[in-house]
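Within every chain, numbering begins at 1; the chains are lettered A, B, ... in the order of the sequence lines, protein sequences first and strands thereafter.
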Amino acid sequence: MSTATSSSWGTALVNISPYTFSAIGIAVSIGVSVLGAAWGIYITGSSLIGAAIKAPRITSKNLISVIFCEAVAIYGVIVAIILQTKLESVPSSQIYAAESLRAGYAIFASGLIVGFANLVCGLCVGIIGSSCALSDAQNSSLFVKILVIEIFGSALGLFGVIVGIIMSAQATWPTKV
Amino acid sequence: MYGFEAMTFNIHGGYLEAIVRGHRAGLLTTADYNNLCQCESLDDIKMHLSATEYGPYLQNEPSPLHTTTIVEKCTLKLVDDYKHMLCQATEPLSTFLEYITYGHMIDNVVLIVTGTLHERDVQELLEKCHPLGMFDSIATLAVAQNMRELYRLVLVDTPLAPYFSECITSEDLDDMNIEIMRNTLYKAYLEDFYRFCEKLGGATAEIMSDLLAFEADRRAVNITINSIGTELTRDDRRKLYSNFGLLYPYGHEELAVCEDIDQVRAVMEKYPPYQSIFAKLSYGESQMLDKAFYEEEVKRLCLAFEQQFHYAVFFAYMRLREQEIRNLMWISECVAQNQKSRVHDSVVFIF
């Protein structure tokens, strides 16, 4: 325990173990990404099923939208695995050292970035996928054009993953003295 | 919150919205109508329709066909589509879908009461009723002698009950009262539907209020024109206009005192959306007014499909199908009576 005598929010935050922050970061990274992916898949899926009744030809092509949403969950899993390999144990005298706190915060931030970027990306791709299925059912030349919009949407998740991985590279725990 | 419906609409409404858009793709196009208009007989019409979505419904009809059979079978398709959607729907979509049929219920009630007044057989009248507006105790309407009995015996158990509070009297039913009853009920129904859509909020409220306002204004104009020269007083006429719409309240003040069609035209030309409708008619002519209103309505209904994640597409689809059935009836009648030159007088193309 660090010897803190004053009571303020700053002191409270600094006295939370960096492992707590890391664990929350990893949980958010996978949990919220999967939430985004699931949200996107149900939005696309319900429209796709209904539209495919009158226009069965759209089913195979429009599964691409579902795959784009699923990719978002995979990003979350990959980053969660990367983050958990960054966890190292430090001796108890070092837990609240500045280096440890920095590593903990880096993992936390990385997880948050990836989780929320994938949440909105999944949502975005899902809504576009739903519109894509309905438009394709009416006019099949629209499919490829709307797919381009979806590709731009799925790039949002990639941005999150890239920044998350760069952040997690910062997570160096102090070496054992 | 308007704008964020895309995130949660598909939980309950996504499947049905996709289905109704699939149905919309099956509406007859201009090319279909051109083929139908060139038919020589009702059997040709049946042959052309067999290639469309009406095929399975008309297939087993023996020749010689009647126009009423064609219309009845096409209406059956609409009813099947509607029932399929209604049984899949959850609240609030199921209430919304039920609201769409109350107009037909009102028409059926008035049909049976009028028919009974003119001493027609109840079974014959029941066959003429619109299938979307049927309810369980409809046959007992023939028993009622005045409006109070009508309400107490039959209508208090139907969804139309709340609309009756304004028009219960103990006067005996006659032709004039029945028309007033129909319009009062319809006014109450439109206002109720409008309030319901406002409560739903979002894109549904915005699009439905435009469509219902147009409906209210159109009914106001029709009531005005139909009551010119009858004994309906100005106050009674004002009471039949709905409390919303572009014409409310100043347009209604002016319409209430109109005594001929040119005065109605003068009132309506002050409102830009209706000015374009009335500009198409030459002076003194009112036969084309119905068609002009239908064309404007079809234009607005098609626009409802431009937005996703709202309920107005269901309303729009039902109305477009009804318009299509009206078109088919007109074409069949023209073909059956050998008046094909008049076919284009009343057909409104949807696409």
Side-chain angles (χ1 to χ4, degrees), chain A residues 32 34-63 65-66 68-69 72 116-143 145-146 149-150 153 156, chain B residues 1-29 51-56 77-78 80-81 83-90 93 97 202-203 302-314 316-317 320-321 350-351:
Chain A
V32 177
V34 167
L35 174 64
W39 204 332
I41 291 179
Y42 92 65
I43 292 179
T44 298
S46 52
S47 291
L48 182 52
I49 292 175
I53 291 182
K54 282 292 165 90
R57 59 182 165 80
I58 68 170
T59 39
S60 15
K61 279 199 296 187
N62 278 279
L63 285 176
S65 308
V66 178
F68 274 129
C69 288
V72 151
F116 287 100
N118 285 340
L119 171 65
V120 291
C121 172
L123 205 56
C124 166
V125 174
I127 295 174
I128 300 175
S130 152
S131 304
C132 184
L134 295 177
S135 315
D136 191 14
Q138 302 272 340
N139 177 359
S140 46
S141 64
L142 290 175
F143 175 72
K145 303 180 168 78
I146 299 182
I149 305 177
E150 249 182 271
L156 300 174
Chain B
M1 201 173 20
Y2 194 0
F4 290 87
E5 302 145 332
M7 302 203 295
T8 49
F9 183 86
N10 275 10
I11 301 175
H12 293 297
Y15 173 69
L16 283 174
E17 180 180 1
I19 288 207
V20 91
R21 282 176 187 267
H23 286 318
R24 171 204 183 262
L27 287 170
L28 298 179
T29 61
T52 66
E53 291 192 349
Y54 292 115
K77 176 188 177 359
L78 172 61
D80 280 347
D81 287 345
K83 290 212 162 104
H84 174 84
M85 291 195 291
L86 184 62
C87 70
Q88 291 268 1
T90 60
L93 179 55
L97 287 174
C302 286
L303 285 177
F305 285 94
E306 299 291 312
Q307 249 184 307
Q308 209 183 337
F309 310 119
H310 62 87
Y311 293 147
V313 286
F314 296 96
Y317 168 68
L320 285 173
R321 268 286 177 213
I350 297 179
F351 298 124

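Between chain B and the options Gly40(A), Ala133(A), Ala51(A), the largest number of non-hydrogen pairs under 4.5 Å is found for Ala51(A). Of the listed residues Gly13(B), Ala18(B), Ala25(B), the one with more heavy-atom pairs under 4.5 angstrom with chain A than any other is Ala18(B).
Every residue was checked against the side-chain contact (heavy atoms from CB on, under 4.5 Å) condition with Ala117(A), not counting sequence neighbours, and none meets it.
For the atom pair CD1 of Ile127(A) and CE of Met7(B), the computed distance is 7.0 Å after rounding to the nearest 0.5 Å.
Interface remark: Ile11(B) contributes backbone and side-chain atoms alike to the contact with chain A (heavy atom separation under 4.5 Å). Both the backbone and the side chain of Ile43(A) come within less than 4.5 Å of a heavy atom in chain B. Neither the backbone nor the side chain of Phe9(B) comes within contact range of chain A; no heavy atom of the residue lies under 4.5 Å from a heavy atom of that chain.
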Could you list each donor and acceptor atom pair linking chain B to chain A at less than 3.5 Å?
from	atom 1	to	atom 2	distance (Å)
Met7(B)	O	Trp39(A)	NE1	2.8
Met7(B)	O	Tyr42(A)	OH	3.0
Asn10(B)	ND2	Ile43(A)	O	2.6
Asn10(B)	ND2	Ser47(A)	OG	3.2
Arg21(B)	O	Gln138(A)	NE2	2.9
His23(B)	ND1	Lys54(A)	NZ	2.8
Arg24(B)	NH1	Gln138(A)	OE1	3.2
Glu53(B)	OE2	Lys54(A)	NZ	3.4
Gln308(B)	OE1	Ser131(A)	OG	2.5
Gln308(B)	NE2	Ser130(A)	OG	2.8

